[in-house]
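Take this structure first; my questions come after.
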Amino acid sequence: MADEERDDQFDQDEEQEEKLFDHQEAEQLLPLLESLISTVVEEKKLVEGIDEEFARVQNRILLYGGLVPPYGYLVQKKLHRDTSASTLREALTRMEQTGCIVKDLDRGLIDFLSIVNDEQVYLCWKRGESRIRFWHRLDEGFAGRKPLGPSQGERHGPKPH
């Protein structure tokens with residue numbers, strides 16, 4: 001492997017390394033993430049609806065044979081679908097670029113790699129929550145959420161660094 005290729009591979013590996021967040025950094029991203037999740041959910045619904053419509057049209061054509069499809073209408077729908085899919089991809093890319101970990105878009109679950117009591121964990125946020133108030137271990141999921149500690153205004157639990 002050439003030196004240049006090794007350098008490119010090294011750069012890619014560094015980029016794929018998960019970002020480590022403190023509580024404040026993660027919370028500063030919440031307005032952006034809330035907006036991006038809203039965009040993703042909305043555009044995903046549009047794409048899925050158009051895909052369902054295309055499937056119905058295709059089934060009608062197959063069922064009735066020789067049916068002339070409404071080409072102009074379908075072209076407009078395809079353009080609308082492509083625009084929505086592109087917007088969806090852009091929003092997902094922007095979410096990835098923040099360094100957060102998207103766990104479930106439909107439920108709006110986002111994790112942020114952090115340190116709690118000298119252990120790598122995830123700060124856990126769900127769409128609609130005003131702040132990040134929970135964390136869980138790397139091998140646990142949403143059901144394993146625990147409240148953050150006193151430095152975040154909670155009365156119990158460990159605090160992130």
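Just so you know, these numbers use all the heavy atoms, side chains as well, and skip hydrogens, waters and symmetry mates.
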*Just wondering, more than 12 heavy atoms not from R127 lying within 6.0 Å of its CZ?*
yes

*asked:* Are V102 and F112 linked, directly or through intermediate hydrophobic residues, by side-chain heavy-atom contacts shorter than 4.5 Å (ILVMFWY only)?
replied: yes

*asked:* As an exercise, state the distance from CG of L36 to CD of E96, rounded to the nearest 0.5 Å.
replied: 11.5 Å

*Do S86 side-chain atoms and D82 backbone N/O form a donor-acceptor pair below 3.5 Å?*
no

_Same cluster or not: L105 versus W125, using hydrophobic residues (I, L, V, M, F, W, Y) connected whenever any side-chain heavy atoms lie under 4.5 Å apart?_
yes

*Work out which heavy atom in C124 is nearest to a heavy atom in F142; give both atom names and the distance.*
SG-CD1, 4.1 Å

*Does NZ or CZ of K103 fall inside the cone over Y122's six-membered ring, less than 6.0 Å from its centre and within 45° of the axis?*
yes

*Answer yes or no: is there a donor N or O on one side and an acceptor on the other, between the side chain of E48 and the main chain of K45, under 3.5 Å?*
no

*Whether H136 side chain and L123 backbone form a donor-acceptor pair below 3.5 Å*: no

_Main chain of K126, side chain of E129: is a donor-acceptor contact present, judged purely on distance under 3.5 Å?_
yes

*Contact summary for I37 and G108, nearest pair of heavy atoms*: CD1-CA, 4.1 Å

*Okay, side chain of T83, backbone of L79: is any donor-acceptor separation there less than 3.5 Å?*
yes

*asked:* Under a 3.5 Å distance rule, please check whether E140 uses its side chain to pair with a backbone N or O of R137 as donor and acceptor.
replied: yes

*Just how far is it from atom CD1 of I110 to atom CD1 of I101, taken to the nearest 0.5 Å?*
9.5 Å

*To the nearest 0.5 Å, how far apart are CZ in R133 and NE2 in H23?*
9.5 Å

_Looking at K78, I want to see if its NZ is surrounded by more than 12 non-hydrogen atoms of other residues, nucleotides or ligands under 6.0 Å._
no

_Main-chain N/O of E119 paired to N117 side chain as donor or acceptor, under 3.5 Å_ = no

*Transitively linked via ILVMFWY side-chain contacts under 4.5 Å: L109 with F21?*
no

*Answer with yes or no whether the hydrophobic clustering places L29 together with I132; edges join I, L, V, M, F, W, Y residues whose side-chain heavy atoms lie under 4.5 Å apart.*
yes

*What distance do R89 atom CZ and L92 atom CG have between them, rounded to the nearest 0.5 Å?*
9.5 Å

*Hydrophobic cluster identity match, L33 and V41, side-chain contacts under 4.5 Å*: yes

*Check: L113 main-chain N/O paired with E18 side-chain donor or acceptor under 3.5 Å*: no

*asked:* Measuring from atom CG of L32 to atom OG1 of T98, what distance do you get when rounded to the nearest 0.5 angstrom?
replied: 7.0 Å

*Can you tell me how far the CE atom of M95 sits from the SG atom of C100, to the nearest 0.5 Å?*
5.0 Å

_Is it the case that the side chain of S84 and the backbone of V47 share a donor-acceptor pair, with hydrogens and angles ignored and the cut-off at 3.5 Å?_
no

*asked:* Less than 4.5 Å apart, side chain to side chain, heavy atoms only: is that true for I115 and L20?
replied: yes

*Could you go step by step and tell me if K44 and D106 meet the salt bridge (charged side-chain N to carboxylate O under 4.0 Å, His left out) rule?*
CA-CA 10 Å; K44 184 176 177 238; D106 293 328; 3.0 Å; yes

*asked:* Quick check: closest heavy atoms across D51 and R81, and the distance to 0.1 Å?
replied: OD1-NE, 2.5 Å

*salt bridge (Lys or Arg N to Asp or Glu O under 4.0 Å) pairs, two or more places apart, involving residues 52-61*: E53-K77

*Can you see which heavy atom on E43 is nearest to which on T87, and at what distance?*
CG-CG2, 3.8 Å

*Over all heavy atoms of both residues, which pair between L138 and Q120 is shortest? Give the atoms and the distance, please.*
CG-O, 3.5 Å

